[in-house]
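One structure is given below, encoded as structure tokens.
The structure displayed is predicted, hence computed values, not measured ones.
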Amino acid sequence: MTIAAPTAETRWRCTLCGNLTRFDVTRSARVVEYLHFDLGGESKVEETEVLSETLESVRCRWCNAVDQVELVPRPGADAAEQPAADEPGA
């Protein structure tokens, strides 16, 4: 089972225990990295470009459930998209 990544409007929630904050994520990524080597031969990644990424599984850290994570709305996500009633144009 694959699951979508959270967005600005959604977050993950474990359907078994209700956890909203701790997950172990297994993902595959294809990236291009710009490595800078110092004169001693030590490298440092200075730029990363993600070409593709796949979430393979999400496991709840609290109850250890696998594939029991769902996307739910973030609190206040709807309010952030709409202007408040006292703002001009509302």
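- Side-chain contact between Asp24 and Val58: absent, with no pair of heavy atoms (C-beta onward) separated by less than 4.5 Å.
- Listed here is the closest heavy atom pair of Leu55 and Ala4: CD1-C, 3.9 Å.
- Using a 4.0 Å cut-off between charged nitrogen and carboxylate oxygen, Glu9 and Arg74 do not count as a salt-bridge pair.
- Looking at Thr21 and Trp62, their side chains come closer than 4.5 Å, going by heavy atoms from C-beta outward.
- Cluster membership check: Leu35 does not share its hydrophobic cluster with Val32, using side-chain heavy-atom separations under 4.5 Å among Ile, Leu, Val, Met, Phe, Trp and Tyr.
- Leu71 approaches Thr10 most closely through the heavy-atom pair CD2-OG1, 3.7 Å.
- With hydrophobic clusters built from ILVMFWY side chains whose heavy atoms lie under 4.5 angstrom apart, Val25 shares a cluster with Val69.
- When side chains are defined from C-beta on, Glu53 counts as touching Arg27, because their heavy atoms get closer than 4.5 Å.
- Nearest heavy atoms, Trp12 versus Ala5: CZ2-CA, 4.1 Å.
- Using a 4.5 Å heavy-atom threshold, the side chains of His36 and Asp38 count as separate.
- The heavy-atom pair separating Cys60 from Asn19 by the smallest distance is SG-ND2, 3.3 Å.
- Within the 4.5 Å cutoff, the side chain of Arg61 has no heavy atoms near those of the Phe23 side chain.
- By the salt bridge (Lys or Arg N to Asp or Glu O under 4.0 Å) test, Arg22 pairs with no residue at all, sequence neighbours left out.
- Scanning both residues, Arg11 and Pro73, for their nearest heavy atoms gives NE-O, 4.3 Å.
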